[in-house]
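Quick notes on the structure that follows.
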Amino acid sequence: MSNSTVVTDPAADQNGSSRLKSDAPASTSKLSSNEIEAIQRERKEKTEYFRQAISQTPDFPKPGILFEDIFPIFTSPSHHEALIRAYELQIQELGVGTPDVIVGLDARGFLIGPTLALRAGSKFVPVRKAGKLPGKLETVTYEKEYGADTFAIQTASIKPSDKVLVVDDLIATGGSAAAAGELVKKCGGQLLGYVFIIELVGLKGRDKLDAPVYTLIESQA
Ligand SMILES: O=P(O)(O)OC[C@H]1O[C@H](OP(=O)(O)OP(=O)(O)O)[C@H](O)[C@@H]1O
Ligand SMILES: Nc1ncnc2[nH]cnc12
């Protein structure tokens, strides 16, 4: 198979989702401006659709926090499909080809990462809360919007020079995502960027991250 071949998964037609697997190395994929516009248009449509399923709860889990609950998306297959498709389009829009690895953050990043990795043809690797993973680990302790935590990754799960995309549901202070990025780098991986469903823009979490940040929905709360 040549490096630039794009293979359409035959399963795509059966469930209505178009699944693209690019065999191009992550640095060589190029899109025309028309292709980018079409991808952006569809991504925005899908996002407008699935965002209706997100619910907001004030003062949870602490006073002053407006909690963005993404779980209702997964109670509806059509909203779930729109979410995954929006992520998939966001990755295509980056124009970096297929990531070698998609890293998902414990726990809500696990709702998105494995499905996305399957569709993209990437490996999925978890970043777990402390004490949950066996074997040789890299660990980082970090601060997030409502407390401190420790993340771990299995050292051998990412190979030096793997191109890695980090996915999670939400970026608030950016503490969790920055810790995950640090873990990827400790393993020798190359960060392509971060993709989130929701960015709490007022908390300026993206300023903590030293790779490109993409968010499907910006929340002013
Ligand atoms: O940008 P930050 O301030 O770091 O906050 C964002 C993180 O907080 C939430 O996870 P949480 O740690 O609450 O864990 P959960 O996914 O297990 O609910 C959310 O899913 C992000 O991972
Ligand atoms: N406001 C928020 N809503 C949902 N998850 C979060 N994680 C950190 N801040 C959050």
Side-chain angles (χ1 to χ4, degrees), residues 47 50-76 79-80 83-84 86-87 90-91 99 101-117 124-133 137-154 157-158 164-187 189 191-221:
T47 301
F50 79 70
R51 76 181 298 164
Q52 301 168 68
I54 297 172
S55 74
Q56 298 183 320
T57 305
D59 299 321
F60 181 86
K62 286 184 176 171
I65 305 278
L66 180 66
F67 189 81
E68 305 271 359
D69 186 7
I70 60 152
F71 276 98
I73 295 171
F74 300 92
T75 65
S76 150
H79 289 101
H80 186 175
L83 168 69
I84 298 299
Y87 258 94
Q90 181 66 78
I91 293 174
V101 178
I102 291 182
V103 161
L105 308 196
D106 190 350
R108 286 173 254 163
F110 297 174
L111 297 168
I112 307 151
T115 312
L116 208 53
F124 173 75
V125 169
V127 160
R128 283 287 259 151
K129 299 274 169 69
K132 304 283 186 185
L133 283 175
L137 306 175
E138 306 297 333
T139 61
V140 171
T141 297
Y142 62 98
E143 291 287 336
K144 54 186 181 172
E145 195 184 14
Y146 41 73
D149 237 319
T150 299
F151 266 159
I153 195 168
Q154 285 171 321
S157 61
I158 292 177
V164 181
L165 190 73
V166 175
V167 302
D168 201 8
D169 64 326
L170 179 142
I171 176 167
T173 65
S176 310
E182 213 178 314
L183 291 175
V184 168
K185 284 189 259 174
K186 279 186 169 197
C187 295
L191 269 177
L192 292 175
Y194 299 84
V195 188
F196 304 95
I197 303 176
I198 304 170
E199 176 177 6
L200 306 185
V201 286
L203 295 177
K204 301 189 187 329
R206 64 167 59 225
D207 295 352
K208 287 203 180 80
L209 307 181
D210 59 2
V213 179
Y214 306 91
T215 54
L216 299 173
I217 296 170
E218 292 187 350
S219 168
Q220 304 305 322

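As the structure lists them, so they are numbered: ligands from 1, and atoms in each ligand from 1.
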Do Asp169 and Ile198 come close enough that some side-chain heavy atom pair is under 4.5 Å? no
What residues sit with at least one heavy atom under 4.0 Å from ligand 1? Asp106, Ala107, Arg108, Lys129, Lys144, Glu145, Tyr146, Asp168, Asp169, Leu170, Ile171, Ala172, Thr173, Gly174, Gly175, Ser176
Does Ile65 approach ligand 2 within less than 4.0 angstrom via side chain, backbone, both or neither, non-hydrogen atoms only? side chain
Number the atoms of ligand 2 from 1 as they appear, then name those within less than 4.0 Å of a heavy atom of Arg108, with their elements. 4 (C), 5 (N)
Given the rule in the side-chain hydrogen bond (donor to acceptor under 3.5 Å, both in side chains) test, do Glu143 and Thr173 qualify, once you have shown the distances and angles that lead to the verdict? CA-CA 8 Å; Glu143 291 287 336; Thr173 65; over 6 Å; no
Test item: Phe151 and Lys129 side chains (from C-beta on) under 4.5 Å apart, heavy atoms: yes
What atoms of ligand 2 come within less than 4.0 Å of a heavy atom belonging to Ala172? 8 (C), 9 (N)
So if I count the atoms of ligand 2 from 1 in the order they appear, which ones are less than 4.0 Å from some heavy atom of Leu200? 1 (N)
So that I can tick it off, tell me whether Asp210 and Lys185 are bridged by a salt bridge, with the cut-off set at under 4.0 angstrom between side-chain N and carboxylate O. yes
among protein heavy atoms, the one nearest atom 7 (N) of ligand 2 is Tyr146 OH, 3.3 Å
Shortest non-hydrogen contact from Ala86 toward Thr47: CB-OG1, 3.8 Å
Nearest non-hydrogen protein atom to atom 3 (N) of ligand 2, with distance, is Glu68 N, 2.9 Å
Tell me yes or no: between the side chains of Ser219 and Glu68, is some donor less than 3.5 Å from an acceptor? yes
Give a yes or no on whether the backbone of Gly64 and the side-chain of Asp59 come within a donor-acceptor separation of less than 3.5 Å. yes
Considering the heavy atoms of Leu66, write down every atom of ligand 2 situated less than 4.0 Å from one of them. 1 (N), 2 (C), 3 (N)
On a heavy-atom basis, the closest approach of Lys144 and Asp149 is NZ-OD2, 3.1 Å
If you have a sec, work out which protein heavy atom is nearest atom 9 (N) of ligand 2 and how many Å separate them, to one decimal? Glu145 OE1, 2.3 Å
Verify, without hydrogens or angle tests, whether Asp168 (side chain) and Gly109 (backbone) share a donor-acceptor contact under 3.5 angstrom. yes
For Phe50 together with His79, are the ring centres under 6.0 Å from each other? no
